[in-house]
Amino acid sequence: MTLEAIKYHAGSLQILDQLLLPHKSHFVDIRCVEDGWKAIKTMQVRGAPAIAIVGCLSFAVELKKKKFETIQELTEFSNKSLNYLVTARPTAVNMSKSAKMLSAMLSSSKCDDVEELKQGIIDHIEDMLDKDIQDNKDLSNYAAEHIQSTCNKSNDGYTILTHCNTGFLATAGYGTALGVVRSLHKEGLLDHVYCTETRPYNQGARLTAYELVHDELPSTLIADSMVAVLMKTRKISAVVVGADRVAVNGDVANKIGTYQIAVLAKHHNVPFYVAAPVTCHDDIIQDGNDITIEERPADELTMVSGVRVAAKGINCWNPAFDVTPAKLITGGIATELGVFAADEVKQLKNQVKNGSKS
Ligand SMILES: CSC[C@H]1O[C@H](OP(=O)(O)O)[C@H](O)[C@@H]1O
């Protein structure tokens, strides 16, 4: 049975509450933009692509129910809703990119029928689901091909280390970095996959392990602190992680802990890949220094499943992401248009414009 984290059908939306995983599989209704914003803010749904998809679908659900007298009324409601959804979490670019694109659709439209224009917006949002899945499959197949042509096998296949969660639970389906693992497995080329627990939110232990067990993939969970000794003592063919925001120069913001894994990969000569569909690429921010890093509440560091693990009164610093410089992304950045050297992703802009594959 295929995993599904987002259930959408003609104006009704439910999401898998990821705060309850892996213990409980429970879907919650998203009836409006406010519900969407809250689900993203509390991380009931998380993952750069899934944030944009659920945010936009929450907007579509509310749009479907509302009647507008004029195009101006539709435009004002839409821009207010989209700008609000962007405020839920600042680091991933996907939601702000989708918001800009939908606002531009409204402002550039020549349509003078408000209902027709409203339906056009809803149709475009609904198309995001299938497009994300196809982009993930294309990206994953390109990356799997690249790994086969450049990385060392561990046995009859490749051993991959991944961080955080980038699978069905972070996208519309298949996944990005976890999609690469799935594509290698489909080709009979996955020897083993190691996933880090990914403190403090434990996306790896709670979510990636859940997906790997569900798919019955040969996998092992490790603590974040074990990455160095893993690379020192076992054959790791490549590291493959996701991305929340890729800057024009190829610097990548991703889950906290990614940067230190990249440093260790460099030291141990393990190729380091980022799996990032074009929806994760920022066309404006030039380098990683300008990416806003979200800081999350201290209790996400001091509490685990509601139980305090840190001394009361200790100060905390809880950045949810860090930035990996392009020079450490030694394998490349995998997209649905091909695998690019990190310092060459700026070419993507032109390829996206003419839709050409690499
Ligand atoms: C498919 S990319 C998902 C990306 O988002 C995760 O962050 P969060 O769980 O806080 O939304 C992590 O950075 C993943 O790489």
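Numbering of ligands and ligand atoms starts at 1, following listing order.
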Chemist: When only distance counts, is Gly47 in polar contact with ligand 1, meaning an N/O pair under 3.5 Å?
Modeler: yes
Chemist: Return the closest protein heavy atom for atom 2 (S) of ligand 1 as residue, atom name and distance.
Modeler: Ala243 O, 3.6 Å
Chemist: Would one find more than 12 heavy atoms of other residues, nucleotides or ligands at under 6.0 Å from atom NZ of Lys65?
Modeler: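 Yes, enclosed.
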Chemist: Less than 4.0 Å is my threshold; does some heavy atom of Glu294 fall inside it relative to ligand 1?
Modeler: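 Distance cut 4.0 Å: Glu294 fails for ligand 1.
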Chemist: Do ligand 1 and Thr166 have nitrogen or oxygen atoms that lie under 3.5 Å from each other?
Modeler: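 Min N/O separation from ligand 1 is not below 3.5 Å for Thr166.
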Chemist: Which atoms of ligand 1 have any heavy atom of Met43 under 4.0 Å away?
Modeler: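 Listed by number with element: 10 (O).
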Chemist: For the pair Asp191 and Lys153, find out whether any cationic side-chain nitrogen is under 4.0 Å from an anionic carboxylate oxygen.
Modeler: no
Chemist: Quick check on the 6.0 Å ring-centre criterion: do Phe68 and Phe77 meet it?
Modeler: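 Ring centres of Phe77 and Phe68 closer than 6.0 Å.
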Chemist: Ring-plane angle category for Tyr273 and His146, please: parallel below 30°, perpendicular beyond 60°, tilted otherwise.
Modeler: perpendicular
Chemist: Strictly under 4.0 Å, does any heavy atom of Asn165 approach an atom of ligand 1?
Modeler: yes
Chemist: Strictly by modelled atom types, are Ser183 and Tyr174 linked by a side-chain donor-acceptor pair under 3.5 Å?
Modeler: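 The answer is yes; a qualifying pair exists.
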Chemist: Answer yes or no: does an N/O atom from Thr171 fall short of 3.5 Å to an N/O atom of ligand 1?
Modeler: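 Between Thr171 and ligand 1, no N or O pair is found under 3.5 Å apart.
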Chemist: Can an N or O of Asp244 be found at a distance shorter than 3.5 Å from an N or O of ligand 1?
Modeler: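 Yes, Asp244 has an N/O under 3.5 Å of an N/O on ligand 1.
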Chemist: At under 4.0 Å between heavy atoms, is it the side chain or the backbone of Tyr201 that contacts ligand 1, or both, or neither?
Modeler: neither
Chemist: Quick test: of every protein heavy atom, which one is nearest to atom 12 (C) of ligand 1, and how far off is it to 0.1 Å?
Modeler: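 Closest protein heavy atom to atom 12 (C) of ligand 1: Cys164 SG, 3.3 Å.
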Chemist: Could you tell me, atom by atom, which parts of ligand 1 come under 4.0 Å of a heavy atom of Ala48?
Modeler: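 In order of number, 3 (C), 5 (O).
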Chemist: If you measure from the Lys or Arg side-chain nitrogens to the Asp or Glu carboxylate oxygens, is any gap between Arg206 and Glu211 under 4.0 Å?
Modeler: no
Chemist: Salt bridge between Arg199 and Asp224, side-chain N to carboxylate O under 4.0 Å?
Modeler: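 Answer for the salt bridge query: no.
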Chemist: In ligand 1, which numbered atoms sit nearer than 4.0 Å to a non-hydrogen atom of Pro49?
Modeler: 1 (C), 2 (S)
Chemist: Atoms of ligand 1 less than 4.0 Å from Arg89 heavy atoms?
Modeler: 8 (P), 10 (O), 11 (O)
Chemist: Hydrophobic clustering (ILVMFWY, side-chain heavy atoms < 4.5 Å, transitive) - are Met105 and Leu129 grouped together?
Modeler: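 Result: yes, single cluster for both.
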Chemist: Check this for me, if you would: do Lys346 and Glu344 make a salt bridge, where the nitrogen-to-carboxylate-oxygen distance has to be below 4.0 angstrom?
Modeler: no
Chemist: Using a 4.0 Å heavy-atom cut-off, which part of His163 comes near ligand 1: side chain, backbone, both, or neither?
Modeler: neither
Chemist: If you measure every N/O of Gln203 against every N/O of ligand 1, is any gap under 3.5 Å?
Modeler: yes
Chemist: For atom 1 (C) of ligand 1, what's the nearest protein heavy atom and its distance?
Modeler: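 Ranking protein heavy atoms by distance from atom 1 (C) of ligand 1, first comes Thr176 OG1, 3.3 Å.
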Chemist: Given Asn254, Ile40, Asp322, Val274, which has its nearest heavy atom closest to atom 14 (C) of ligand 1?
Modeler: Asn254
Chemist: Taking NZ, NE, NH1 and NH2 as the nitrogens, is one of them in Glu62 or Arg31 under 4.0 Å from a carboxylate oxygen of the other?
Modeler: no
Chemist: Using only atom types and a distance under 3.5 Å, with no angle test, would you say the side chain of Glu216 pairs donor to acceptor with the backbone of His214?
Modeler: no
